[in-house]
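Below is one structure, written out as structure tokens, with a few remarks after it.
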Amino acid sequence: YQRRVHGIFNPETSEKRLVSLAASNAPQVAEYQDMLMRVPSLPMESIDLIGLVTRLRREKWPPLEIIQCEDSSQDLVVRIKELLNKVRLTPQQWNEYVRFSDLRYVRNLVALDEQFSVIILCWHHNQWTPPHDHQGGRHSWFKVISGKLQLKHESGKDIDTFTEDSPVVHEWKSGVHLLGNPSHNECAVSVHVYCPPYKDLTYHDTTGVEKSVPCVFHIDLDEKSSCQFTISASCKFFSNFDSFTQLLDREFQNQQTGLQDRITRLFELVSFNQDEWRSYTVWHEEHFTRILLRSTESYTLVLSCWKPGQYSPPHSHAGSEYWIKILEGSLHEENYMLVDKKLHLVRRGTLSIDTVTYLGVKAVHSCRNTSNEPSYSLHLYTPPYYCCEFYGEDGSIKICRFDKEI
């Protein structure tokens with residue numbers, strides 16, 4: 001195994017640099033500690049994030065067709081503006097939800113249900129959204145709680161500036177716009193409420209073509225966190241490796257039956273940003289590489305990188321269940337049955353991008369990158385993957401044990 005804790009890459013050369021990404025293990029910028037020191041005590045009329053989410057869940061949300069009608073939704077708009085105007089973050093919530101990345105602005109998901117979503121956005125120096133709109137009559141409210149933000153409209157003529165002292169901003173059918181931190185030396189933080197919940201970003205690329213991608217969220221599942229993130233059985237979402245391991249931790253701590261189905265479903269629903277997995281890349285000329293992302297008492301999570309022609313010979317996982325998800329490229333997989341110490345081919349096929357495959361504890365298989373392009377795959381093993389058995393054509397078995405101190 002190779003291990004890299006932080007991936008470093010140049011966003012200037014990234015094709016997807018316009019799409020918001022919550023960087024794995026997003027670093028705290030130097031200004032963060034100064035910002036935290038300036039957090040005031042909560043005024044009497046203020047509410048924190050817990051209070052905000054609690055009151056939003058008590059709100060009697062009208063049907064969607066009424067929400068999307070301007071005249072019929074004015075009462076709702078006023079109520080949410082009044083509520084959001086009172087929001088202040090406690091020092092603990094700053095620690096939970098405020099994190100920055102040098103790469104892109106960070107979306108930190110606080111709460112999500114069928115009616116609304118609450119998101120904390122953290123903006124490093126001169127970070128902006130791509131040109132986008134909220135589509136479908138979605139209402140958006142936001143409040144700056146630290147620093148300064150600017151709202152630029154598509155025409156380029158209208159530029160609005162908002163600070164901590166500005167009232168809550170409400171957007172509805174505002175057209176294509178950009179929001180960002182214009183400062184080159186100060187960070188900014190804002191809290192946003194969306195109704196219906198904000199799950200997709202519709203933006204325009206550098207050629208003006210409209211595209212839509214799922215929003216990337218950092219998901220904080222700390223046990224002390226006040227607002228726990230939940231996944232709908234049909235809701236695909238973008239994440240990063242750091243947040244994904246938190247979701248895995250929660251699934252393995254769940255004592256209910258059906259772990260195989262729950263992990264399989266999680267692998268099917270989640271997508272990652274190409275920049276992140278490429279930033280972890282370690283190549284070897286002679287064989288594919290494994291990069292350890294996380295190892296616990298319950299599982300091992302590994303990123304594998306395959307140059308064209310590289311392969312894993314027929315092997316088993318020594319009693320571990322196994323999931324694989326193809327992140328980029330493809331792999332040709334062959335599955336075998338072991339009879340009288342000899343391998344018999346059972347099936348073969350190509351695993352294409354986003355394919356998820358599960359193998360049981362007795363499975364024997366091999367993988368090869370038969371394409372002309374590099375491939376990347378995500379692998380999960382439970383119990384943790386410390387040993388494997390390689391099978392030769394002559395019936396020989398070679399046991400390879402990995403150092404537990406990976």
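Sequential numbering from 1 along the given sequence is applied to the chain's residues. Note that these values count all heavy atoms, side chains included, but never hydrogens, waters or copies made by symmetry.
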Problem set entry | side-chain hydrogen bond (donor to acceptor under 3.5 Å, both in side chains) partners for Q150, two or more places apart | T161
Seminar exercise, completed: Hits for side-chain hydrogen bond (donor to acceptor under 3.5 Å, both in side chains) against H170, two or more places apart or cross-chain, chain-then-number order -> H139
For this session: Check whether any side-chain heavy atom of C400 sits under 4.5 Å from a side-chain heavy atom of F390, and report yes or no.
Result: yes
When the side chains of residues 319-326 are checked against the rest of the protein, which donor-acceptor pairs come out under 3.5 Å, sequence neighbours left out?
unit_1: S320; atom_1: OG; unit_2: P383; atom_2: O; d: 2.8
unit_1: E321; atom_1: OE1; unit_2: Y358; atom_2: OH; d: 2.4
unit_1: Y322; atom_1: OH; unit_2: H379; atom_2: ND1; d: 2.6
unit_1: W323; atom_1: NE1; unit_2: T264; atom_2: OG1; d: 2.9
unit_1: K325; atom_1: NZ; unit_2: F267; atom_2: O; d: 2.8
unit_1: K325; atom_1: NZ; unit_2: V270; atom_2: O; d: 3.2

For this session: Could you pull out all residues at least two apart from S312 that satisfy side chain to side chain contact (heavy atoms under 4.5 Å, CB included)?
Result: F288, W306, H315, C367
For this session: Start with the C-alpha gap between F162 and F142, add the side-chain angles, then the distance that decides, and say whether ring-ring contact (aromatic ring centres under 6.0 Å, His included) holds.
Result: CA-CA 10 Å; F162 305 98; F142 77 85; 5.6 Å; yes
For this session: Only counting residues at least two apart or in another chain, list the ones meeting ring pair (Phe, Tyr, Trp, His ring centres under 6.0 Å) with F252.
Result: Y299
Exercise. With E59, which residues qualify under side-chain hydrogen bond (donor to acceptor under 3.5 Å, both in side chains), at least two apart?
Worked result: R79
Exercise. By salt bridge (charged side-chain N to carboxylate O under 4.0 Å, His left out), which residues pair with D249, not counting sequence neighbours?
Worked result: R294
Exercise. Would you call the rings of F272 and F244 parallel, tilted or perpendicular if under 30° counts as parallel and over 60° as perpendicular?
Worked result: perpendicular
Exercise. In chain order, what residues pass the side chain to side chain contact (heavy atoms under 4.5 Å, CB included) check against V168, with sequence neighbours excluded?
Worked result: K81, L84, N85, W141, K143
Problem set entry | Those residues that, when tested against H344, pass side chain to side chain contact (heavy atoms under 4.5 Å, CB included) (two or more places apart) | V339, K342
Exercise. Under the side-chain hydrogen bond (donor to acceptor under 3.5 Å, both in side chains) test, which residues partner R347, sequence neighbours left out?
Worked result: N335
For this session: Under the salt bridge (charged side-chain N to carboxylate O under 4.0 Å, His left out) rule, collect the residues that match up with E333, sequence neighbours excluded.
Result: none
Exercise. What salt bridge (Lys or Arg N to Asp or Glu O under 4.0 Å) pairs are there with at least one residue in residues 304-320, not counting sequence neighbours?
Worked result: E285-K307
